[in-house]
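Inspection log for the structure reproduced underneath, given as structure tokens.
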Amino acid sequence: MNWLTRLLSNRTDTASLDVALRDAIANWEALAAPDLGTAHFETRYVVINTEASGLDLDKDRLLAVAAIAIDRERLSPHDSYYAPLEPDAATALTNLLTFVGKGPVVVFNASFNRSLLERALDEHLRLTPDWTWLDLHWILPALYDEHIDRPARLGDWMKAFGIETFQRHHALGDAWAIAQLMLAAQARARSLGLNTPRSLADLEHSRRQLRRHG
């Protein structure tokens with residue numbers, strides 16, 4: 001039985017969700033999509049990070065979610081969210097949607113974190129957010145190739161920038177480190193005339209294409 005089979009057999013009947021959760025999801029769905037042409041200093045980015053039982057997408061499962069906002073280029077530990085999925089995954093994920101809004105979202109290693117989170121959202125809430133995902137795994141080497149010129153591990157980038165956090169390999173602890181890296185990315189992007197979420201998305205796309213065909 002693979003992860004897709006398990007997911008389909010375990011999917012929540014959303015009609016059975018608590019009324020407050022269904023209302024919260026409806027409110028989230030009614031939010032307007034963000035303007036990706038807005039300047040960084042006028043944008044609310046949200047860093048999302050996950051905690052899993054392992055690194056195998058076929059076997060492992062999501063244990064906890066975390067998010068930290070970078071609102072108009074300001075990072076505050078008070079503007080954050082963390083929740084384990086047990087014992088109430090639907091509430092944990094609905095509250096994450098409420099905290100994030102419609103994005104844009106920042107992540108490190110989207111191929112793992114995004115897949116894990118989208119699988120859980122589909123399983124428990126039967127939805128897939130249409131967020132704009134900005135993956136620092138690709139964006140950082142495009143902006144700071146004098147430090148590392150290829151996709152690298154989060155720990156390598158933390159070392160390159162001298163960044164520390166209160167707890168490694170914890171969803172919120174690593175999200176705090178990723179948020180600090182995002183502030184550095186915004187600063188370098190501005191100096192290069194990349195002033196909006198869309199310009200960062202385009203930069204990531206170009207870097208992926210270059211890597212694929214390089």
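No side-chain donor-acceptor contact under 3.5 Å links N49 to the backbone of L172. E51 places a side-chain N or O within 3.5 Å of a backbone atom of A171 that can act as its donor or acceptor partner. In terms of modelled atom types and a separation under 3.5 Å, the side chain of D135 and the main chain of E204 share no donor-acceptor contact. Between the side chain of S80 and the backbone N or O of P77 there is at least one donor-acceptor pair closer than 3.5 Å. Under the 3.5 Å distance criterion, the side-chain polar atoms of H137 are matched with a main-chain donor or acceptor of A152. Although no hydrogens or angles enter the test, the distance criterion places a donor-acceptor pair under 3.5 Å between the side chain of T98 and the main chain of T94. No donor-acceptor pair closer than 3.5 Å links the side chain of T43 to the backbone N or O of Y45.
Atom CG of D23 is separated from atom CG of L17 by 11.0 Å, given to the nearest 0.5 angstrom. For the atom pair CZ of R153 and CD1 of I148, the computed distance is 9.5 Å after rounding to the nearest 0.5 Å. Between atom CZ of residue F99 and atom CG of residue L96 there is a gap of 8.5 Å, rounded to the nearest 0.5 Å. The structure places CG of L143 at 9.0 Å from CG of L136, a figure rounded to the nearest 0.5 Å. Note that CG of L31 and NZ of K102 are 5.5 Å apart. Values are rounded to the nearest 0.5 Å.
Hydrophobic cluster membership differs between V105 and L154, with clusters built from Ile, Leu, Val, Met, Phe, Trp and Tyr side chains linked at under 4.5 angstrom. Grouping the Ile, Leu, Val, Met, Phe, Trp and Tyr side chains by contacts below 4.5 angstrom, directly or via other members, places L121 with L85. Put simply, L200 and F108 are part of the same group of oily side chains (I, L, V, M, F, W, Y) that touch within less than 4.5 Å, one to the next.
Contacts of S115 classified as side chain to side chain contact (heavy atoms under 4.5 Å, CB included), with partners at least two apart in sequence or in another chain: L57. E73 is linked by a side chain to side chain contact (heavy atoms under 4.5 Å, CB included) to H40, F41, Q186, R190, counting only residues two or more places apart in sequence or in another chain. For D79, the salt bridge (charged side-chain N to carboxylate O under 4.0 Å, His left out) criterion is met by R44, not counting sequence neighbours.
The pair E123-R61 does not count as a salt bridge, with every side-chain nitrogen at least 4.0 angstrom from each carboxylate oxygen.
Around atom CD of E164, no more than 12 heavy atoms belonging to other residues, nucleotides or ligands sit under 6.0 Å away. Atom CG of D130 has 12 or fewer heavy atoms from other residues, nucleotides or ligands within 6.0 Å.
Counting only N and O atoms by type, the side chains of D122 and T128 include no donor and acceptor under 3.5 Å apart.
The side-chain heavy atoms of N109 and R114, taken from C-beta on, include no pair separated by under 4.5 Å.
What you find for W176 and F166 is that their closest heavy atoms are CB-CE2, 4.0 Å.
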Could you go through T196 and L36, starting from their C-alpha distance and side-chain angles, then the distance that decides it, and tell me whether this counts as side chain to side chain contact (heavy atoms under 4.5 Å, CB included)? CA-CA 6 Å; T196 66; L36 299 181; over 6 Å; no

